[in-house]
**Q** 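I am attaching a structure below and will ask some questions about it afterwards.
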Amino acid sequence: MRVRLNLASSPLASNRRFAVFSTTVGGLGLIAMALLWGHVYSVRRSNTAIRAEQARIESDMQTLRQRRSDLEAFFNRPETVQRRDLSGFLNSLIAQRAFPWTQIFMDLERSLPDGVRIVSIEPKLADDHLELKLTIGAKNDEGKLKFLRALEDSREFSDIQVLGETRSGRTGDADVVVMALIARYSST
């Protein structure tokens with residue numbers, strides 16, 4: 001049998017406060033550790049998502065770089081460069097409103113005799129002047145010759161060159177003679 005006697009001059013110290021305090025601090029430490037672990041886990045998960053998104057973006061960028069190089073190769077081909085230059089010229093004419101469609105039609109209307117019509121007009125810039133390729137249709141040779149004389153006599157059209165002429169052998173055609181020509185145009 002054991003008897004508890006305190007023979008000390010001061011009473012026996014209780015460790016209860018130390019045990020409560022250390023348990024509380026330890027519990028708070030475990031809670032803090034759990035919160036930090038949760039934070040680390042969420043940061044790692046978000047970093048993984050960010051890396052996956054970055055890899056997808058880099059893949060998309062590589063695809064776009066490849067498409068860009070393919071398009072550059074396409075646009076650097078000679079026939080595409082020629083079309084681009086032509087469209088640039090035509091766009092500049094439209095932008096500058098330097099191409100006087102109304103004036104050309106008014107000048108052609110003055111030159112057109114009866115029985116002659118314009119089938120097509122193809123403008124192009126040659127050196128520093130405007131050149132028109134015209135295709136006309138005429139009911140007879142007399143109308144065609146009147147049209148050529150009227151063009152030669154006009155101030156707006158010069159350097160007229162006949163490229164070719166075809167005749168329709170069928171009866172009932174509106175145009176018996178179809179002629180292609182090039183003329184230099186200058187509006188005054």
Side-chain angles (χ1 to χ4, degrees), residues 1-109 117-136 156 163 180-188:
M1 159 152 137
R2 209 169 147 192
V3 178
R4 292 186 99 202
L5 289 175
N6 187 1
L7 298 176
S9 57
S10 62
L12 183 65
S14 170
N15 290 334
R16 184 174 186 175
R17 278 193 299 168
F18 175 75
V20 169
F21 179 74
S22 62
T23 304
T24 305
V25 169
L28 290 174
L30 284 174
I31 291 171
M33 189 176 77
L35 289 174
L36 285 175
W37 182 81
H39 179 69
V40 167
Y41 178 74
S42 67
V43 167
R44 273 193 101 170
R45 193 171 52 174
S46 66
N47 279 347
T48 304
I50 289 171
R51 284 191 190 107
E53 180 71 16
Q54 185 177 8
R56 186 190 62 78
I57 289 172
E58 287 176 3
S59 172
D60 290 348
M61 286 175 58
Q62 184 62 31
T63 303
L64 291 174
R65 282 189 198 107
Q66 181 62 38
R67 286 179 59 195
R68 180 180 180 183
S69 66
D70 291 345
L71 287 173
E72 284 176 353
F74 172 77
F75 284 117
N76 288 332
R77 292 193 315 209
E79 61 272 8
T80 308
V81 170
Q82 184 180 11
R83 285 185 190 150
R84 187 177 60 215
D85 292 343
L86 177 63
S87 68
F89 165 70
L90 293 176
N91 286 336
S92 69
L93 285 179
I94 291 169
Q96 296 172 2
R97 296 183 178 216
F99 194 72
W101 282 104
T102 307
Q103 186 65 38
I104 288 174
F105 287 126
M106 287 172 40
D107 294 339
L108 284 172
E109 183 179 9
R117 68 184 183 100
I118 303 293
V119 177
S120 70
I121 299 176
E122 294 178 37
K124 78 173 188 177
L125 185 64
D127 298 328
D128 61 343
H129 63 276
L130 188 61
E131 195 172 86
L132 297 176
K133 181 178 179 185
L134 300 169
T135 305
I136 63 157
E156 294 83 13
L163 298 176
L181 58 101
I182 294 177
R184 180 185 227 173
Y185 179 77
S186 61
S187 61
T188 54

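For reference, positions follow the sequence shown, starting with 1. Quick caveat: nothing in here was measured; it's all calculated off a predicted structure.
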**Q** With heavy-atom distances below 4.5 Å as the criterion, would you say the side chains of Leu163 and Leu181 are in contact?
**A**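 The answer is no; the side chains never approach within 4.5 Å.
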**Q** Does the side-chain contact (heavy atoms from CB on, under 4.5 Å) test come out yes or no for His39 and Val43, once each step is laid out?
**A** CA-CA 6 Å; His39 179 69; Val43 167; 3.6 Å; yes
**Q** Output the distance between atom CG (Asn76) and atom CG (Leu71), rounded to the nearest 0.5 Å.
**A**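 These two atoms lie 10.5 Å from each other.
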**Q** Can you check whether Phe105 reaches Ile118 side chain to side chain, under 4.5 Å on heavy atoms?
**A** no
**Q** CG/Asp70 to CD/Glu72 distance, rounded to the nearest 0.5 angstrom?
**A**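 One gets 9.5 Å once the value is rounded to the nearest 0.5 Å.
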**Q** Checking Thr80 side chain against Phe74 main chain: does a donor-acceptor pair fall under 3.5 Å?
**A**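 Judged by distance alone, yes, a pair lies under 3.5 Å.
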**Q** At what distance, to the nearest 0.5 angstrom, does OG1 of Thr63 lie from CZ of Arg65?
**A** 10.0 Å
**Q** Atom CZ in Phe75, atom CZ in Arg83: separation rounded to 0.5 Å?
**A** 11.0 Å
**Q** A side-chain contact here means heavy atoms from C-beta on lying under 4.5 Å apart; do Gln62 and Glu58 qualify?
**A**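 Heavy-atom side-chain distance check fails, nothing below 4.5 Å.
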**Q** Strictly distance-based, threshold 3.5 Å: is any side-chain N or O of Thr24 a donor or acceptor partner for the main-chain N or O of Val20?
**A** yes
**Q** Measure the OG-CH2 distance between Ser42 and Trp37 for me, rounded to the nearest 0.5 Å.
**A** 10.0 Å
**Q** Tell me the salt bridge (charged side-chain N to carboxylate O under 4.0 Å, His left out) pairs involving residues 30-53, sequence neighbours left out?
**A** Glu53-Arg56
**Q** In terms of heavy-atom contacts, does CD of Gln82 have more than 12 from other residues, nucleotides or ligands at under 6.0 Å?
**A**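 For Gln82, atom CD is not crowded (no more than 12 foreign heavy atoms under 6.0 Å).
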**Q** Please say whether more than 12 non-hydrogen atoms of neighbouring residues, nucleotides or ligands are located less than 6.0 Å from CZ in Arg67.
**A**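 It does not: Arg67 CZ has 12 such atoms or fewer within range.
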**Q** What are the two closest non-hydrogen atoms of Leu108 and Ile121, and how far apart are they?
**A**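 So the two residues come closest at CD1-CD1, 3.8 Å.
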